[in-house]
Each structure stands twice: as C-alpha cells, then as structure tokens.
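The structure appears below as structure tokens.
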Amino acid sequence: MVLVSAAAKAPKLNAESKHPDRYNAGDAEARWQKIWDERGIFATKNADPRPKYYVLEMFPYPSGRIHMGHVRNYTMGDVVARYKRAMGLNVLHPMGWDAFGMPAENAAMERKVHPKAWTYDNIAAMKKQLKSMGLSLDWSREIATCDPAYYKHQQKMFLDFLGAKLVEREKRKVNWDPVDQTVLANEQVIDGRGWRSGALVEQREMSQWVFKITKYSQDLLDALDRLDRWPEKVRLMQKNWIGRSEGLLVRFALDPKTTPQGESELEIFTTRPDTLFGAKFMALAPDHPLSLAAAAKNPALARFIEECRHRGAAQAEIDTAEKLGFDTGIKAIHPFDPNWTLPVYVANFILMEYGTGAIFGCPAHDQRDLDFVNKYDLGNVPVVCPPGQDPSTFVITDTAYDGDGRMINSRFLDGMTIAEAKEEVARRLEKDSRGNRPVAQRQVNFRLRDWGISRQRYWGCPIPIIHCEKCGVVPVPEKDLPVTLPEDVSFDRPGNPLDHHPTWKHVACPQCGGKARRETDTMDTFVDSSWYFERFTDPWIATAPTDVPMVDAWMPVDQYIGGIEHAILHLLYSRFFTRAMKATGHVGVDEPFAGLFTQGMVVHETYRTESGEWAAPAEVKIEADGDARRATLIATGEPVAIGAIEKMSKSKRNTVDPDEIIAAYGADVARWFMLSDSPPDRDVEWTERGVQGAWRFSQRLWRLVGEAAEIAAFAPAARPAAFSEPATRLRKATHRALARVSDDIEKLHFNVCVASIYEFANALNDVIGGIEEHGDAKLTPDLGWAMR
RNA sequence: GCGGACGUGGCGAAAUGGUAGACGCAAGGGACUUAAAAUCCCUCGGGGAGAAAUCCCUGUGCCGGUUCGAGUCCGGCCGUCCGCACCA
C-alpha cells in the first residue's frame, strides 16, 4: 500500500509556496519557535511579585509519537497559559514524562532494546514534536518519572508514609499469571486468561504494599463538595467510587448444635435494619472464616467454595453468573426472637471485601435476595407496604419492592416509616448486649479499598525496603536513597528481572548487618503521577534537583486539563497523595487541583476495504458523489466503505499524524481546528475539510491584517477628534471581539472564542471591502487610526 | 440494576429566562480566469404572500406545567451516550 502523506493532499503551501501574498506557516513558526527557545521567554521564575497561575495538562506517557488527543489537550492548556500571561500573571506551564510502565518492558522483550534507552529515545522524539506545536512551555522544569532525581523523592515519601502508617504491608488476593510470573491488574485478565500469555489466571494470596487511602475516605468524599471548579460528572464518579453507606453491624447468635467448634456468632452489615422481620436466610462470602470452618467438615461445601474461587473477574462472567448458594446447615438466631432461626448459606455473590462478608437476606425488598429464595424455595414476607396498598393483599412474587412505605408484619415496628423503623431497630439492638458487647452498632461503610501498589516489574520505582531474616522489614536508610534500578538486566525469561538479577537484591541489613534481600517489587506507575505536579514547583529543579524541599507557593494547580478516563484513579490517587504529603510535611495543601477540565476525544471516520481490512485516512481519497461521498483507496482505486466515526485508534487505523498535519498546514492551523466547532468537553471529529477550512482562514486573516496595516500607515500621530463611520464600526467590532474572547477563554469555551474571531475577521473584511469599493475616498486618517 | 449527561438546520454548533439557528463545514448561484484551482460576493430551518424592499405563519425529541415571556426552569414519557456495577 502506498502511503500518501497529508502534505501531498493539502493545498500547495509552506515551503513549496513562495507566493508573496501567502502566509508561510513553516517559515514563520520555525522562526518564532527558535526565538522563544533562545530567549527562554517561557521559563518561569518562582521569585516574581505578580500573582501566580499554574496551568497544567496531564503529562504524556512517552510512547514515541504524539497523537491528536495530545494536540487538543496541550492546545487548550497553551491558550489558557498565553491568555493568563497576557493578563499579567506569573504563569507556570510545565511539561514532563510519565516515563515508567509496561510498554517499555514489552519493547525490551520484543525488540531487545533496553527500557531506559527506548524511553529516552521516545522522549526525545516526542519533545521535538511538542516543540513543533509552538507550545509556551517551561522546558527548564522538565521531569521524567524514571529519573532517579525524580523517584528519589518518591522513595523518601514512601518511607515517610510508612512512618505515618499510611503505607502498610498486607496479604491480598491478586490475579497471578503463572506463565509470565507476574501479578495482573483486573483489566489485564481477559476471559480468565492473562492478556499476554493467555494462561489461566490464578487467585493468589500475596504480600503487597498498600497505601491506606481508606483512612481518608470520608475526607476525600466531603472535600468533593468544595471542588466547585471541577465538572459535576467527575465529582459524582468519585463519590460513587468512594461509595459511602450508613448502616448497622448486627451480631447474630448461632445455634451451637448446628455450628462448628469455636464459632458462636455471625456479624453482618446491613443498610436495611428496618427489614429485619422479613429475614429469610443468612449468606456468607465463600472465603468467610465461617464458610471455611464449615467446609473443613463438609467436602461438598469445600468443592462449592473452590468453584466460586475459579469464577473469573471478567465482567461478562459476573453479569451472567447465576446466584448460587450452599446450605451449611448452620442456623442463626434472630436478634429479636430466640425461637426464630435462619438457615446460613454460602453464596457466590457475597463479597468478602465489603462490610463483614456476610448478610441477612430480606427477599421481599431486595431483588437479588428474592432471586435467591425463589431458586432455593425459601419464601418471602413483605414488611414494607407501599402507600395506598392494602397490607392484607400485598404479595411479592418476582419483583422485590424497594420503595417507600409503612412497616407491616414486623411486630413492634408495624405502622412506622422506614426511617423510624431503622432508628428503632438500631436503638433496641444497641441496648441489647451479649458477652459485654452490644448486639449491634451503627457503622459507615465505604466501597473504596486500599491501594495496592506492588508490581512484579522492572521498569518502575523501586520500593525502598530491605527484607532481613532477623529484623524483618527494614526501611532503606535515607542516606542510601535513591535505590536505583540496575541497568544490566535481561528480559529473556518470564518474571521480574530484578528478581533474577545476580547481585542487586543481595544487600546487608542496615540494622544488623546480616544477610538481607531487597524488595524486588516496584511501585504502580500511578504513584509516579500522583505528585508530579508538586515536583514542577521545586524552585531549584532546573539547576540542582536535589534535596531542597518543594514550595507551596504554586499549589494548588489552578487549571488542570486532561481526559475523562482519569476521572477516578489518577485524580483520586493524586488527591490522596497530596493529603498524605501534607500529613508528612511535604506540602501545605490538601487538594492538588483547584480547577479541573476534562476534554473530549478526537474522533475520525473509519474506512474498510471490501475484504474487511481497515484503511487509514491518508490512504483514502474521498470524492463528492451528489449528496453522498465516495471513498476509494488511492493506491489501487478499490472502493472503500465509509464507516462509523470513532475514537482514533491504532486498531481501526483511523488516526491522523500530527507531524504530517503540522508539516502541511502549520501548527497554528492544527491548533485552531482542534479548538473550533465542537465544545471542548465533547468529542471533536477530525476532517480533511475542516482542517482545510482552518487553513483558509489563516490565509484570510493574514491578508486582512496586512491590508489593515497598510491603511493604518495613513494614521496621523495624534488621535482625531471624531472617528469616521467605518472607523467606529471597526472599533466596536474590535472591542466586542476582545471582550467575548476574554470571557470565553475564562470559561474554557474555546469554540465560541474561535467563532468570535471569525466574526471579527468578517467585520474587518467588510470595512476593508468598503474602502476598496469607494477607492481611496474613505481612507481617512480616522480609519487609519482605528486600524492601528 | 444504580447513577449521570445529552436531544436545536444536511452536519459541527451558538444563545445571563428576552429577536432561535451567531460562527464554521457542506451545498447552490455569481464574479475573476482560455480553463481549473485559489480568492472574492450572494443564498441557505420549513411553509406562504409580494415586482421588490419586505412581511406573515410555523419551528429547539414528545406531552403537560410555571412565567408577561421557555431551547433554557419544573413534572412525566421516548431516544442516544457515558460511568459504576453481585457493594448487602
């Protein structure tokens, strides 16, 4: 297939065009970029009396090439940065590299290049591309997370967090790939198999380092209300992710005749204590201690639990999984009636990680519980009667009722509202006690789990810990930081190269001097990106990136811009990390990002040949065919089907290379088009027609400004007493454009800014056109003055 | 299942509760040109009246409501998209 570059399809311009009436973006942009570079005019000083403004776009992973999403993201940030600078603020607009991660290791395995060499080559290539975009970035503060000068601080913070009990070691169930010998994230498990190796994934208990993000659950939730310059959508997503719910912990006594040795009660968590008189069964998570105790004497139950464990994490399986239970034979005693017993099941849909890993089931008012009792024929009793319904005829069959109403069939609760009943149950059970402890206590539960950061990978920040046979877990002394990655590693066998390294992990224990072993796990790369915005503020970063503490003067980031895909993990981790940094004296603020903006994706049509292969936009020629459009392959003339407009992706080959666009049209045109048309938080469709329209406008504007300058040359030095009619019109248009553009940049409505500038150009064109029509008669000094 | 957002011309879209469709793309017509490209000018939601300037009716997914006035606010449907999801 012949690749036809965008340059070949574009109108003849730039280097090819020496036409005096044309703006040559290639020459002009290169000239200005060189001057900006030489004079270092975007380098920001910390010592500056002007008010600060910190604008930041999410830093890129150095994949090697920038894509249109980067162009859109960094153009938005750049417009804000230039605007705020023009408004007289001291603007910090830095750039760095999220440089650790798996792709570097994959490249090492596939192409025998060292991850470090691969990463730094990519950084060099992408930096060149970003520079060609004409971004007003302070490159003197550039950082790469794989630089020991960067991760040294991260290791220090890890140790400080450890001291503050914000890092702990915990046994956790993880997805283990037995072929690649590594832990996999849930997203890397596809249909129960490792995404690379295809091996059946096992659930393994492993010791992991975890960040105690749950210590801040309530605070992370409460503070969301104060982030008034964040999109509502992101705040909601985080709120749901943290998942707070209020309820009651209730201890059910177990009938000793039916219960294994050593177990006398079962604690459950419920948000519906009001429905306690509708209880029909109890259910345990398969890995609940009571399940395991019961299974010890019951091989069939043990088999059932084993089957539950093999159920994968894959979404499709969870969606379709049948609710299955196994009756343990154990009976639980109702907290309000010693003669009322409930069967205790082990059920595949109960999660050990949430609440206590055990529930009571009230089928009439919970759909899942209802499905369960209908399967096992346990029946149901409605206890909440909807308003206007006769309680004596209210029956539940297939659909649980979870609405409002009054209590029925519930003894002393009858007639109460749900809220009253919840309160009454809590009050009574709190007063009841068994074995010196109340039968129930109120509890707030969160869905949020602690953040496991251990990864069995080479290309990440080493965890600064030494394991000693005698002393146990020993932190690396501060004077020995950074713990740097060894460079002589090999990727020719599965597993973590740090683990296979002949010498690196063997060290003397810092405490006893005896034989010890380094932690060979590295940190999740989300750790690297959870504080990089703080690192940019270091006053000495350009000259001496060493031990100087960072300053708060720049924080928080005033405007952060990036993709919605980071709405939860990156942004939540960063919010946690900043709190942990504050707790350990690294920074003085809680919230890292005062303003957040999430931009939409860049999308493009897809093209498919008759044989079903994807074709790239650069390979396809589009022609008008009446109202329709017809596409053919440039190389062969073969017809191509125009398909859905989708996110630019390598797999569908519907990408457009920023380099080619910039070479063909210039960076300003690419940037202009990226901000035109669609609101910035929505998806924008990249089209050939659209970018050509932007290019035409750049030419038109250049011509208009040139003509206006000629007219302006007629202006006398002193301002005339009154402006003539066209001059007044022009003056109005100018001020209107200034006001609207300023206003809309503040609101980040870049598409409306673009429209305002089109309007201004139209007004300028009208005035100039009017002059040309009437010859020089109207070319008054007034107008010349206005043009100036 | 839970939560949320959105629905305006052929298309992308504008519009502090106050002249709906700014601006751009596409389309059509015209000027320039031997011709084309480029450029410039005009038209462009639907329907109707007029020779024309212009005017009238209608129109923001559907049904109601609040208001002097609703694309915008409220309630209910329909549709599309997104996030979370066995969370007790």
Side-chain angles (χ1 to χ4, degrees), chain A residues 11-13 17 19 21-22 231-245 247-250 268-273 275 282-283 285 311 315 317-324 347-362 365-369 371-372 399-400 402 445-449 564-565 567-568 598 600-601 603 624 626-629 645 672-673 676-679 681-697 699-700 703 740 743-744 747 749 751-762 765-766 768-769 772-773:
Chain A
K12 290 215 183 304
L13 65 152
S17 164
H19 197 286
D21 290 342
R22 282 214 174 151
E232 188 58 37
K233 181 188 169 81
V234 174
R235 289 193 282 171
L236 253 157
M237 282 165 74
Q238 291 212 351
K239 194 177 166 188
N240 292 338
W241 188 262
I242 295 167
R244 182 183 197 275
S245 53
L248 203 62
L249 281 173
V250 184
I268 60 98
F269 175 75
T270 179
T271 56
R272 293 296 301 272
T275 64
M282 314 289 290
R311 267 163 208 282
Q315 198 56 54
E317 285 180 54
I318 291 173
D319 286 344
T320 56
E322 200 182 355
K323 311 268 174 284
L324 294 174
N348 64 350
F349 59 92
I350 306 299
L351 304 173
M352 194 57 219
E353 296 81 17
Y354 188 80
T356 61
I359 62 153
F360 85 85
C362 174
H365 305 289
D366 182 297
Q367 190 60 47
R368 196 189 41 196
D369 294 348
D371 293 345
F372 190 79
T399 310
D402 59 1
N445 242 309
F446 293 95
R447 211 191 67 111
L448 183 66
R449 315 246 323 267
I564 188 76
E565 68 273 21
I568 296 175
T598 52
M601 296 182 299
V603 296
D627 283 347
R629 292 178 310 132
I645 298 163
W672 180 260
F673 178 50
S676 314
D677 295 346
S678 290
D681 51 350
R682 274 189 231 172
D683 292 351
V684 65
E685 187 192 355
W686 183 274
T687 63
E688 191 85 21
R689 297 188 299 275
V691 72
Q692 283 179 10
W695 180 80
R696 280 199 302 274
F697 179 70
Q699 296 298 323
R700 181 164 184 253
R703 177 178 64 78
R740 287 187 55 180
D743 207 40
D744 284 320
K747 292 190 230 156
H749 292 173
N751 58 321
V752 188
C753 293
V754 166
S756 300
I757 293 168
Y758 272 116
E759 278 183 355
F760 174 66
N762 289 345
N765 187 59
D766 284 351
I768 291 170
E772 283 166 352
E773 210 172 299

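By convention in this document, chain letters (A, B, ...) are assigned in the order of the sequence lines, proteins followed by strands, and residues within each chain are numbered from 1.
- In the set C84(B), A13(B), A88(B), A88(B) carries the atom at the smallest distance from any side-chain atom of Ile359(A).
- Formation of a donor-acceptor pair under 3.5 Å by the Asp681(A) side chain with backbone atoms of Thr598(A) is not found in this model.
- The side chain of Asp677(A) has G12(B) as its nearest neighbour among A15(B), G12(B), A88(B).
- Closest to the Thr271(A) side chain, of the nucleotides A14(B), A85(B), A88(B), is A88(B).
- Taking the ring centroids of Trp695(A) and Phe673(A), they lie at or beyond the 6.0 Å cut-off.
- Ser245(A) comes within 4.0 angstrom of the backbone, heavy atoms only, and of no base.
- Contact annotation: the side chain of Phe269(A) approaches that of Asn445(A) to within less than 4.5 Å [non-hydrogen atoms, C-beta and beyond].
- What separates CG of Asp366(A) from C1' of G1(B) is a distance of 11 Å, to the nearest Å.
- Remark: Asn240(A) is not in phosphate contact with G83(B), judged by side-chain N or O atoms under 4.0 Å from OP1 or OP2.
- In this structure, G1(B) forms a base pair with C84(B), meeting either the Watson-Crick or the G-U wobble geometry with both donor-acceptor distances under 3.5 Å.
- Out of C86(B), C87(B), A14(B), the shortest distance to the side chain of Phe349(A) is found at C86(B).
- In this structure, Asn765(A) reaches the sugar-phosphate backbone alone: every heavy-atom distance under 4.0 Å involves primed, P, OP1 or OP2 atoms, never a base.
- Asn762(A) comes within 4.0 angstrom of the backbone, heavy atoms only, and of no base.
- In this structure, Tyr758(A) reaches the sugar-phosphate backbone alone: every heavy-atom distance under 4.0 Å involves primed, P, OP1 or OP2 atoms, never a base.
- A sub-4.0 Å separation between OP1 or OP2 of A13(B) and a side-chain N or O of Arg682(A) is present.
- When heavy atoms are screened at a 4.0 angstrom cut-off, Asp369(A) is found touching no nucleic acid atom at all.
- Glycosidic conformation of G28(B) is anti; the angle lies outside 90° of 0.
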